[in-house]
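Reading through the structure tokens given below for one structure.
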Number of protein chains: 2
Amino acid sequence: MKNKDIKILLVDDEPDILEIIGYNLSIEGYQVITAENGIQAIKKAKKERPQLIILDVMMPEMDGIEACEQIRKIPELSNTIITFLTARGEDYSQMAGFDAGADDYITKPIKPKVLTSKVKALLRRLKDEEPSEAILKIGGLIINREEYKISNKGKEIILPRKEFELLSLLATKPNKVFKREEILDKVWGNEVVVGGRTIDVHIRKLREKIGDDCFKTVKGVGYKFVD
Amino acid sequence: MKNKDIKILLVDDEPDILEIIGYNLSIEGYQVITAENGIQAIKKAKKERPQLIILDVMMPEMDGIEACEQIRKIPELSNTIITFLTARGEDYSQMAGFDAGADDYITKPIKPKVLTSKVKALLRRLKDEEPSEAILKIGGLIINREEYKISNKGKEIILPRKEFELLSLLATKPNKVFKREEILDKVWGNEVVVGGRTIDVHIRKLREKIGDDCFKTVKGVGYKFVD
DNA sequence: TAGGATTATTAACAAATACTTTACAAAAAA
DNA sequence: TTTTTTGTAAAGTATTTGTTAATAATCCTA
């Protein structure tokens, strides 16, 4: 399923928030639908059948919690993922939210990267049936894909996105050789065209940061991660 | 392995949590064992040999981290999967947990669906290890096409691509004679034109590396791999 | 939103390795 | 014996990857 086939319903009473989140999501190619209160949200949810609903907790008319409960009662939307928008630290609302049937929550203020990776992670559940394994452990390396974080022998490392994804890919199957083609497909996307040395350069950076011997070159084929 | 053959040790000091998680797991058919602190947990783990341990981080007597470390030292439990229960957002505990040898963590509050699918995912790791078609075994030779690796009588050998593919081809049907034509087709591609000695040279290199007698020449026809 | 920092890509060249050919020797077949 | 086919070593060619630095794109902050 491509992003453009995915509808996200965004519910918040502040137009600014709708604007900014909506903008970020649409950059990623999602179809964004908005609503400004719970009642509208339920109406639109029924009509549009979004795959994901992002719901502000605090809203006039009908708050997010109640809206969530209502939506959860709609059978056609049983597969819809609902996530709350909540101010940082509002613990009680998380609790109430989960009771109401929410799948996750996002705290405000929202960083675009966090938002999009969270959305991606949530949508992945749709396909996977089971929530994807967000955490990979190989040797002394821990890769937390949900939080885009890596720790190597207890030391945290921040990797740029492409490097992270490349490492992530290789680490899903240690010792398996990933063909360059395959890497391009999975990390860059099969329609993107990049020069011939791009992968090598990223590998080089990973070798620098994680350790030279973790990455093995198989000439004529590709690279593998070894532990 | 059926669910009823799987033991899960659940460790938390709050009886309520034990109750609710235990209930959900037993619905799925798992055998659930409980403990209320780290010391008890270790004792029960030794005795019952559970496949999975769900361990609360914060506990009186002995906390989850320490319990985890202790359990990891028990050789019989080396295959046991340990996952932590942690309050949302407690980042430090995650990290400490991994250092202690945990495989994953689950955040509270826990949604039954998340719990069960996570458990499923974790247990899937146990079964893995299935030999795929990517691996060929002939005599003392193991050809791993996924890892582009060869081991001959336990000794690992790295082969260049063409050699690897040539060997790979011959090994798919031991004792079958592959005509030179056929070899060219399959390894080089039918439009590539190479000189008359190319195959021989590659065979020679394989004989050097794998063993002279593995490759038999059938004059006027081609080569075969014998074990 | 300008500009400074970071990240991604490209280009150009070096280095490593793989592959092919050559030339001739050896072996087998005719 | 002559002819054909294969074995071998070394040289030569081609391909692939490593590396660096420069440039482009992007992100982030003030």
Side-chain angles (χ1 to χ4, degrees), chain A residues 16 19-20 23-24 27-28 109-117 148 150 157-170 177-184 186-189 191-225, chain B residues 148 150 157-170 177-181 183-184 186-189 191-224:
Chain A
D16 289 354
E19 168 75 14
I20 189 167
Y23 171 72
N24 280 296
I27 286 181
E28 297 286 320
I110 301 162
K111 289 193 183 171
K113 247 194 203 167
V114 173
L115 173 74
T116 52
S117 65
Y148 262 72
I150 279 174
I157 304 171
I158 307 287
L159 291 181
R161 195 162 73 255
K162 280 267 146 44
E163 283 166 48
F164 184 92
E165 279 167 11
L166 176 54
L167 172 59
S168 231
L169 174 66
L170 296 185
V177 177
F178 288 80
K179 306 206 177 77
R180 297 177 89 92
E181 253 187 90
E182 198 177 349
I183 293 174
L184 283 177
K186 301 258 172 75
V187 177
W188 274 263
E191 70 287 332
V192 183
V193 179
V194 289
R197 297 276 63 68
T198 305
I199 294 178
D200 310 49
V201 173
H202 285 275
I203 288 283
R204 189 184 160 273
K205 286 181 182 155
L206 284 174
R207 291 212 241 238
E208 234 168 37
K209 291 172 187 170
I210 313 285
D212 194 26
D213 35 344
C214 292
F215 304 90
K216 203 159 177 311
T217 305
V218 180
K219 251 197 158 167
V221 189
Y223 294 93
K224 66 168 136 178
F225 178 91
Chain B
Y148 275 84
I150 279 172
I157 304 170
I158 307 288
L159 293 180
R161 190 165 87 251
K162 282 262 149 47
E163 284 166 47
F164 186 92
E165 278 167 12
L166 176 53
L167 171 59
S168 239
L169 175 65
L170 296 184
V177 180
F178 288 82
K179 305 201 182 76
R180 297 177 89 92
E181 239 189 287
I183 293 173
L184 283 177
K186 300 261 172 71
V187 178
W188 273 262
E191 71 289 330
V192 183
V193 179
V194 290
R197 296 277 64 67
T198 306
I199 293 178
D200 310 50
V201 172
H202 282 95
I203 288 283
R204 192 191 153 265
K205 284 181 181 156
L206 283 175
R207 292 213 241 238
E208 228 170 42
K209 290 172 186 170
I210 313 285
D212 194 27
D213 37 342
C214 291
F215 303 91
K216 199 158 180 309
T217 305
V218 181
K219 254 196 156 168
V221 189
Y223 295 93
K224 68 168 146 178

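Order of the sequence lines sets the chain letters (A, B, ...), proteins ahead of strands, with each chain counted from 1.
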Rounded to whole Å, please give me the gap between [atom1] in [X] and [atom2] in [N].
{"X": "B/Tyr148", "N": "D/dT17", "atom1": "OH", "atom2": "C1'", "result": "17 Å"}
{"X": "B/Glu163", "N": "C/dT20", "atom1": "CD", "atom2": "C1'", "result": "13 Å"}
{"X": "A/Ile199", "N": "D/dG18", "atom1": "CD1", "atom2": "P", "result": "11 Å"}
{"X": "B/Arg204", "N": "C/dA26", "atom1": "CZ", "atom2": "P", "result": "15 Å"}
{"X": "B/Arg161", "N": "D/dT17", "atom1": "CZ", "atom2": "C1'", "result": "13 Å"}
{"X": "B/Lys162", "N": "C/dT17", "atom1": "NZ", "atom2": "P", "result": "18 Å"}
{"X": "B/Leu206", "N": "D/dT6", "atom1": "CG", "atom2": "P", "result": "17 Å"}
{"X": "A/Asp212", "N": "D/dT19", "atom1": "CG", "atom2": "C1'", "result": "13 Å"}

OP1 or OP2 of [N] versus the side-chain N and O atoms of [X]: is any pair under 4.0 Å?
{"X": "B/Tyr223", "N": "D/dT5", "result": "no"}
{"X": "B/His202", "N": "C/dA18", "result": "no"}
{"X": "A/Thr217", "N": "D/dT16", "result": "no"}
{"X": "A/Arg180", "N": "D/dT16", "result": "no"}
{"X": "B/Trp188", "N": "C/dC19", "result": "no"}
{"X": "A/Arg197", "N": "C/dT9", "result": "no"}

Checklist entry - Is the distance between the ring centroids of A/Tyr223 and A/Phe178 less than 6.0 Å? => result no
Checklist entry - Is the closest side-chain donor-acceptor distance between A/Arg207 and A/Thr217 under 3.5 Å? => result yes
Next on the checklist: If we count only N and O atoms by modelled type, under 3.5 Å, do the side chains of A/Tyr148 and A/Glu165 hold a donor and an acceptor together?
Outcome noted: yes
Mind checking [X] for me? I need base, sugar-phosphate or nothing, with any heavy atom below 4.0 Å counting as a touch.
{"X": "A/Lys219", "value": "base"}
{"X": "A/Thr198", "value": "base"}
{"X": "A/Phe215", "value": "nothing"}

Checklist entry - What's the closest nucleotide to the A/Asp200 side chain, out of C/dT20, D/dT19, C/dA18? => result D/dT19
Next on the checklist: Contact between B/Asp200 and B/Arg197 at the side-chain level, heavy atoms closer than 4.5 Å - yes or no?
Outcome noted: yes
Item to check | Minimum side-chain heavy-atom gap A/Leu206-A/Leu159 below 4.5 Å | outcome: yes
